[in-house]
Amino acid sequence: RATSSYWAARADRDFVIGETYRLVEHNERSMASHNHYFASIGNAWSNLPDELLEIYPTAEHLRKKALIAKGYRDERTIACASKAEAERVAAFIKPMDDYAVVTFREAVVRVWTAKSQKMKAMGNRDFQQSKSDVLDFIDDLLGVERGDTASSEAA
C-alpha cells in the first residue's frame, strides 16, 4: 500500500534511512484499574477515623498527600534571608494549594506538590506503581493488612 505524502514527509523529517530505531511498547492505562483506584480511595476515605478528617478533609486530600508521602511529588525550595521571612513566605504559599505540603526550617521553605496522575502525565507503569504505593500508604494509615483497601468493595 502506498504511503500518503503526509506520512512520507513526516518519516523523512523524523528518521534517517539506514539508522536503527528501538520501539517502545506503550500500554494505555486500563480504565477499570483507574476507576478501581479512585473508588478504593473514596471508600477508604469514608472509613477514616474522625481524628484524621482534619488532615484529610476529602478523598482528594488523602490521595494527594499519600502521593507526596510516597515520593510522587515535585519539590520547590526557597531560601529566605531569615527564619522570620521563611515563616512569612510559607504562610503566604500555603493557601495557594490546599493539597501541598509546605514546611520551613531555619530560613528555607520547602513546598511539595503531588505529581499528576492524569493519563497524559503518568504512563501506565508509573501509574500502577503509584497506585500500589498509595493504597499501601492508606492501608498503613488505617492500620489494616496491606491489600485490604484495594480488595475492599468500593461503596
Side-chain angles (χ1 to χ4, degrees), residues 10 13-16 21-155:
R10 176 85 184 256
R13 186 186 80 214
D14 294 341
F15 303 106
V16 176
Y21 297 90
R22 229 174 245 253
L23 298 179
V24 177
E25 183 179 1
H26 175 74
N27 295 315
E28 289 294 325
R29 184 182 312 170
S30 153
M31 279 309 292
S33 176
H34 181 87
N35 292 340
H36 168 264
Y37 172 63
F38 284 93
S40 296
I41 291 171
N43 187 49
W45 178 80
S46 69
N47 289 299
L48 283 180
D50 290 345
E51 62 270 13
L52 292 177
L53 291 176
E54 191 171 318
I55 300 167
Y56 309 104
T58 67
E60 189 68 355
H61 281 85
L62 177 59
R63 182 180 73 86
K64 288 194 173 191
K65 296 215 181 215
L67 283 166
I68 290 167
K70 297 308 277 183
Y72 299 93
R73 62 184 180 235
D74 293 314
E75 181 176 337
R76 289 162 201 81
T77 304
I78 304 159
C80 300
S82 67
K83 185 175 182 177
E85 182 186 358
E87 188 173 3
R88 284 191 302 275
V89 168
F92 178 76
I93 291 172
K94 181 59 185 146
M96 293 178 179
D97 185 341
D98 284 344
Y99 308 112
V101 174
V102 181
T103 61
F104 71 93
R105 183 176 176 147
E106 297 304 321
V108 177
V109 177
R110 178 184 285 162
V111 182
W112 285 343
T113 53
K115 287 199 178 281
S116 173
Q117 289 183 300
K118 289 182 180 176
M119 291 187 183
K120 290 185 179 187
M122 186 178 280
N124 184 51
R125 181 178 298 142
D126 289 340
F127 174 76
Q128 291 303 328
Q129 186 61 56
S130 69
K131 173 184 173 179
S132 176
D133 290 344
V134 165
L135 294 177
D136 284 350
F137 173 88
I138 294 171
D139 286 338
D140 294 345
L141 184 69
L142 294 173
V144 298
E145 292 291 320
R146 289 252 173 119
D148 280 0
T149 297
S151 66
S152 67
E153 220 172 277

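In this chain, residues are counted from 1 in sequence order.
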Minimum heavy-atom distance Phe137-Ala66, with the two atoms named | CD2-CB, 3.4 Å

Between atom CD1 of Ile93 and atom CD1 of Ile78, what is the distance when rounded to the nearest 0.5 Å?
-> 3.5 Å

Are more than 12 heavy atoms from other residues, nucleotides or ligands located less than 6.0 Å from atom CZ of Arg105?
-> no

Return the minimal non-hydrogen interatomic distance between Leu141 and Tyr56, and the atom names on each side.
-> CD2-CE1, 3.7 Å

Ignoring hydrogens and geometry, is there a side-chain-to-backbone donor-acceptor pair from Tyr37 to Gln128 under 3.5 Å?
-> no

State, to 0.1 Å, how close Gly42 and Ala59 come at their nearest heavy-atom pair, and which atoms those are.
-> CA-CB, 4.2 Å

Taking everything shown except Glu145 itself, do over 12 heavy atoms lie less than 6.0 Å from its CD?
-> no

Check: Asp97 and Val111 side chains under 4.5 Å, non-hydrogen atoms = no

At what distance, to the nearest 0.5 angstrom, does CD of Glu87 lie from NZ of Lys83?
-> 8.0 Å

Check whether any side-chain heavy atom of His61 lies under 4.5 Å from a side-chain heavy atom of Asp98, and answer yes or no.
-> yes

Give a yes or no answer on whether the side chain of Asp139 reaches the backbone of Gly147 with a donor-acceptor pair at less than 3.5 Å.
-> yes

Indicate yes or no: does Asp136 engage Arg146 in a salt bridge with an N to O separation below 4.0 Å.
-> yes

To the nearest 0.5 Å, tell me how far Glu106 CD sits from Cys80 SG.
-> 12.0 Å

Nearest-0.5 Å distance that lies between atom NZ in Lys70 and atom CG in Asp140 = 6.5 Å

In Å and rounded to the nearest 0.5 Å, what is the CD1 to CG distance from Ile138 to Asp148?
-> 12.5 Å

Side-chain (Lys65) to main-chain (Ile55) donor-acceptor, under 3.5 angstrom | no

Can you see which heavy atom on Leu135 is nearest to which on Ser40, and at what distance?
-> CD2-CB, 4.0 Å

For Glu54, does the CD atom sit with more than 12 other heavy atoms under 6.0 Å from it, leaving out its own atoms?
-> no

Within the side chain of Ser46, is there an N or O that forms a donor-acceptor pair under 3.5 Å with the backbone of Asn43?
-> yes

Hey, are the side chains of Met119 and Met31 touching, using non-hydrogen atoms and a 4.5 Å cut-off?
-> yes

Classify the side-chain pair His36/Ser33 by whether it contains a donor and acceptor separated by less than 3.5 Å.
-> no

What are the two closest heavy atoms between Tyr99 and Ile68, and how far apart are they?
-> O-CD1, 3.5 Å

Verify side-chain contact (heavy atoms from CB on, under 4.5 Å) between Trp45 and Arg63, making sure each step is shown before the conclusion.
-> CA-CA 9 Å; Trp45 178 80; Arg63 182 180 73 86; over 6 Å; no

Reported OG1-to-CH2 distance for the pair Thr77 and Trp112, which is rounded to 0.5 angstrom = 9.5 Å

Side-chain contact test, heavy atoms from C-beta onward, threshold under 4.5 Å: evaluate it for Pro49 versus Leu142 and give yes or no.
-> yes

Check whether any side-chain heavy atom of Lys115 lies under 4.5 Å from a side-chain heavy atom of Asp74, and answer yes or no.
-> yes

So, does Lys131 use its side chain to make a donor-acceptor pair with the main chain of Phe38 at under 3.5 Å?
-> no

What heavy-atom pair brings Ala121 and Ser116 nearest, and what distance separates the two atoms?
-> CB-OG, 3.6 Å

